[in-house]
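The block underneath contains the structure these notes are about, expressed in structure tokens.
Below, read A as the first sequence line, B as the second, and so on, with proteins coming before strands; counting in each chain starts at 1.
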Amino acid sequence: MKDALLAALQKAIAVLHEQGLLDTDALPSSAQITRTRDASHGDFACNVAMVLAKAAKMPPRQLAEKLIAELPSTAEIVRTEVAGPGFINFYVSHDVATSIVPTVLTQGEDFGRGKPDKPLRMNVEFVSANPTGPLHVGHGRGAASGASLSSLLRFAGHEIDAEYYVNDAGRQMDILGTSVWLRYLQACGEVFTFPSNAYQGDYLPEMAESLLREHGQALRHSAEVVFADVPADAPQGGDKEAHIDALIAAAKRLLQDDYRLPFNIALESILADIRQDLGEFGVHYQTWFSEASLHPEKVDAAVAELTAAGHMYEKDGNVWFRSSDFGDEKDRVVRRASGSYTYFASDIAYLRDKFARGYEHLLYVFGADHHGYVPRVRAIAEAFGYDQERVEFCLVQFAVLYRQGEKVQMSTRSGEFIPLRELRNEIGNDAARWFYVMRSTDQHMDFDLDLAKKQSSDNPMYYVQYAHARICRVLEQAQERGWAFDREQGEANLGLLTSEMEAEILTALAAFPERIESASRQREVHNVCNYLRELAASYHSWYNSEKALIEDAALRNARLALMAAAQQVLANGLRVLGVSAPTQM
RNA sequence: GCGCCCGUAGCUCAGCUGGAUAGAGCGUCGCCCUCCGGAGGCGAAGGUCAGGGGUUCGAAUCCCUUCGGGCGCGCCA
């Protein structure tokens with residue numbers, strides 16, 4: 001419809017150009033057709049007269065009049081008018097408005113699906129929490145946002161792979177593996193003080209038990225031997241970092257090849273837990289990418305490529321990446337004097353690997369606390385010669401949980417995490433998914449747990465789901481009364497849907513594909529929530545004022561057709577969000 | 001100190017590639033069940049879009065600046 005209107009305006013402009021009133025015959029790119037917010041402004045509005053007023057040396061309203069006079073007449077537009085400072089408002093015919101119903105019913109779950117001119121093969125990375133313990137609520141918003149954004153982009157017609165980067169290399173993992181081993185030693189009967197900097201979680205003794213079951217006492221060494229030459233821990237007046245590092249070294253030395261046993265048990269069981277947790281949350285990945293798999297070949301190769309390109313230099317025995325050449329605030333060490341790679345080296349290899357796998361576009365969904373990381377990753381991409389625009393970041397601000405008006409305390413330092421699983425159990429997966437994404441991701445948000453649990457219209461998710469369930473019940477009722485929905489008759493009588501509320505719903509249904517397109521283009525999942533709430537509100541309002549199950553079969557089926565279309569669109573929108581569309585509640 | 005995000009109704013937030021009278025929910029105050037699910041609907045009150053400058057036909061939206069709030073600035077991962 002918008003394209004048809006633009007084409008018509010284009011013709012009118014060409015006519016005015018021939019008459020010498022305009023010095024251009026082109027439609028300016030800043031001219032746009034928009035859906036009106038207010039029905040009293042018609043269905044569509046165009047700003048072209050205001051944009052061209054200066055060039056035409058004519059007041060906008062006068063220019064608008066002249067343009068309207070030259071518009072080719074069509075059956076689809078029943079009225080055109082000049083309004084406000086010079087808008088041209090278009091009123092579409094009732095037939096055009098109701099034609100959305102058969103369109104929705106025919107396209108079904110594909111209604112709203114986008115067909116971009118050039119679909120992007122895109123990698124979306126999110127969560128990527130270190131596998132050192134269960135996910136907690138701090139990861140929840142990233143998980144919900146990443147998953148819904150992926151699904152939105154996919155629905156908008158892009159080819160999306162969701163990816164989880166597993167940080168299974170590095171010191172944190174060594175601390176975890178060593179922690180498990182120490183718990184194992186305790187389970188074997190060794191007596192010593194558990195290090196303050198080791199992982200304290202109560203999931204560790206369980207892993208130690210399974211290590212004991214599988215390998216008996218094979219990995220046992222006496223506490224005396226293990227702690228020989230280990231400097232004091234912090235509570236004893238020493239240094240906690242030095243203490244744990246010495247224990248890691250002792251573990252590697254004493255266990256040799258067996259070092260990987262406690263390490264792998266820890267990694268596998270935690271990863272399995274995360275995977276299950278996310279799966280239950282409706283968050284699924286195409287790829288779980290292991291950081292360790294980058295070492296050493298891919299890291300060597302990536303570093304060699306940047307070295308050859310002249311982006312590396314040596315200083316103080318360290319190898320540095322000249323990231324400040326690409327807008328980063330300072331250069332970064334890639335390889336220490338000791339010969340070991342930094343975490344940044346993995347990042348370099350990882351980005352290169354993503355592009356090597358054929359992705360045209362990389363989207364990183366980060367927690368806002370990682371924003372300092374953005375210039376670094378951009379610098380890597382640029383150094384490899386990739387266009388900046390192919391690397392994109394979505395920063396997700398923190399959500400603060402509130403219960404009974406009180407902020408729910410959660411400090412990473414005290415280790416008092418609320419597990420994501422606990423939140424899901426408390427309020428349900430649907431509410432958690434909806435509430436995490438209902439606000440713009442760059443907006444720090446308050447998450448009201450009590451509201452999320454409420455089963456009333458106060459709760460926007462409930463309100464939308466209820467609209468869907470209500471329609472399902474009406475359609476069922478119709479059947480029970482021997483008035484099963486007759487689609488053919490309904491579609492033949494859509495002309496009977498003439499009330500303001502019906503017009504409002506029709507307009508909302510027609511807007512769905514555009515709303516999906518703009519939400520995906522702007523990476524704004526929350527707009528899908530807003531849209532669904534608006535549609536649900538229109539529906540509830542209509543439901544309250546008009547009965548569908550009436551004797552008049554023509555009108556009844558026309559209304560049922562509109563309902564069925566609304567039901568379909570509600571379901572499609574909820575599906576994008578990863579929220580269920582219940583048939584009864 | 002430097003960088004990123006934010007500041008819109010009592011509260012939580014939409015609206016931001018500049019467009020018409022700045023919207024919604026909650027809360028407050030009224031009203032509506034002989035009814036397809038009241039788990040709902042209708043209405044009222046409520047605003048210096050943090051302050052100040054600028055850009056222009058037009059600014060909540062863009063630019064500058066001040067003031068507030070959040071977060072980040074390791075050879076950690």
Side-chain angles (χ1 to χ4, degrees), chain A residues 29-30 32 34 36-38 40-41 45 47 50-51 53-54 59-60 83-87 89 129-130 132 167 169-175 241 291 316-320 329-330 332-338 340-347 367-375 393 395-398 400 402 405 438-448 451 454-460 462-463 465-467 469-478 480-481 483 521-522 524 526-527 529-530 533-534 537 539-550 556 559-560 563 584-585:
Chain A
S29 59
S30 52
Q32 46 189 352
T34 49
T36 57
R37 253 190 298 180
D38 189 331
S40 68
H41 296 145
N47 63 346
M50 291 179 288
V51 173
K54 205 178 236 176
F87 288 102
N89 291 341
N130 286 347
T132 51
N167 297 128
R171 182 164 172 268
Q172 289 305 315
M173 287 306 297
D174 278 329
I175 294 178
E241 306 292 350
E291 179 192 357
D316 311 328
N318 298 314
V319 177
W320 297 71
E329 59 188 62
K330 61 180 193 179
R332 309 282 167 181
V333 172
V334 169
R335 189 168 204 165
R336 304 181 186 92
S338 67
S340 63
Y341 282 115
T342 63
Y343 184 77
F344 191 61
S346 299
D347 285 338
D369 55 336
H370 281 65
H371 71 255
Y373 195 73
V374 171
F393 300 87
L395 296 172
V396 180
Q397 297 290 328
F398 290 134
V400 180
Y402 282 83
M438 70 189 282
R439 304 302 186 191
S440 163
T441 49
D442 51 30
Q443 181 79 247
H444 155 108
M445 72 171 275
D446 290 352
F447 192 133
D448 185 338
L451 180 61
K454 235 174 175 177
Q455 310 204 337
S456 74
S457 63
D458 302 358
N459 178 341
Y462 222 84
Y463 186 79
Q465 286 187 323
Y466 180 50
R470 238 180 178 181
I471 296 174
C472 294
R473 293 294 294 153
V474 173
L475 290 169
E476 267 177 49
Q477 271 287 319
E480 283 168 26
R481 297 185 189 192
W483 287 343
R521 184 166 32 81
Q522 299 180 62
E524 290 179 334
H526 70 284
N527 278 327
C529 296
N530 290 339
R533 230 208 64 82
E534 290 162 25
Y539 175 74
H540 284 306
S541 180
W542 178 53
Y543 174 91
N544 217 254
S545 68
E546 308 272 14
K547 282 189 70 168
L549 299 185
I550 50 175
R556 181 180 71 236
R559 286 184 176 160
L560 289 178
M563 276 195 192
Q584 59 177 32
M585 300 172 71

### Message
Please determine whether a side-chain nitrogen of the Lys or Arg among A:Arg171 and A:Glu241 lies less than 4.0 Å from a carboxylate oxygen of the Asp or Glu.
### Response
yes
### Message
With a 3.5 Å distance limit and no angle check, can you tell me whether A:Asn130 reaches the backbone of A:Asn167 through a side-chain donor-acceptor pair?
### Response
no
### Task
Return the orientation label for the A:Tyr539 and A:Tyr543 ring planes: parallel under 30°, perpendicular over 60°, tilted otherwise.
tilted
### Query
Roughly how many Å is it from CG in A:Asn530 to P in B:rA14, rounded to a whole number?
8 Å
### Query
What is the distance, rounded to the nearest whole Å, between atom CG of A:Leu395 and atom P of B:rG3?
17 Å
### Query
What does B:rG1 pair with, Watson-Crick or G-U, if both distances are under 3.5 Å?
B:rC73
### Message
If I pick the P atom on B:rC71 and the same atom on B:rC13, what distance separates them, to the nearest angstrom?
### Response
15 Å
### Query
Take atom NE2 in A:His444; do more than 12 heavy atoms of anything else shown fall under 6.0 Å from it?
yes
### Query
Is the backbone of A:His526 close enough, under 3.5 Å, to the side chain of A:Arg439 for a donor and an acceptor to pair up by distance?
no
### Query
Any chance the rings of A:Tyr466 and A:His540 have centres within less than 6.0 Å?
yes
### Query
How close or far is atom P of B:rA14 from atom CD of A:Gln443, stated in whole angstroms?
4 Å
### Message
My understanding is that a pair needs two contacts under 3.5 Å, Watson-Crick or G-U wobble. By that rule, which nucleotide pairs with B:rU28?
### Response
B:rA44
### Message
For a quick check under 3.5 Å, do A:Asp38 and A:Thr36 share a side-chain donor-acceptor pair by atom type?
### Response
no
### Task
Look only at the side chain of A:Asn89 and the backbone of A:Ala45, and say whether a donor-acceptor pair between them is shorter than 3.5 Å.
no
### Message
If I pick the C1' atom on B:rG27 and the same atom on B:rA44, what distance separates them, to the nearest angstrom?
### Response
14 Å
### Query
Does any donor atom in the side chain of A:Glu291 or A:Ser346 lie under 3.5 Å from an acceptor atom in the other side chain?
yes
## Note on the structure
When rounded to whole Å, the CZ to C1' distance for the pair A:Phe393 and B:rC5 reads 16 Å
### Message
Starting the side chain at C-beta, find the nucleotide from B:rG41, B:rA14, B:rC5 nearest to A:Tyr463.
### Response
B:rG41
### Message
Each nucleotide in nucleotides 69-77 of chain B should get exactly one letter: B, S or -. Can you fill that in based on protein heavy atoms under 4.0 Å?
### Response
--BSSSBSB
### Query
Nucleotide by nucleotide, 5' to 3', does protein get under 4.0 Å of the base (B), only the sugar-phosphate (S), or neither (-) in nucleotides 20-36 of chain B, counting heavy atoms?
B---SSS---------B
### Query
Within 45° of the six-membered ring axis of A:Trp320 and under 6.0 Å from that ring's centre, is NZ or CZ of A:Arg332 located there?
no
### Protein-nucleotide distance (A:His526, atom NE2; B:rG15, atom C1'), rounded to Å
9 Å
### Message
Let's test this: given Watson-Crick or G-U wobble pairing with both distances under 3.5 Å, identify the partner of B:rC36.
### Response
none
### Message
Please name the nucleotide paired to B:rG23 by Watson-Crick or G-U wobble geometry with both distances under 3.5 Å, or report none.
### Response
B:rC13
### Message
Tell me if B:rC5 is syn or anti. Syn = glycosidic torsion within 90° of 0, anti otherwise.
### Response
anti
### Message
Applying a 4.0 Å non-hydrogen cut-off, can you work out what A:Ser440 is touching in the nucleic acid: base, sugar-phosphate, or nothing?
### Response
sugar-phosphate
### Query
Which part of the nucleic acid, if any, lies within contact of A:Asn527, taking any heavy atom under 4.0 Å across all strands shown: a base, the sugar-phosphate backbone alone, or nothing?
sugar-phosphate
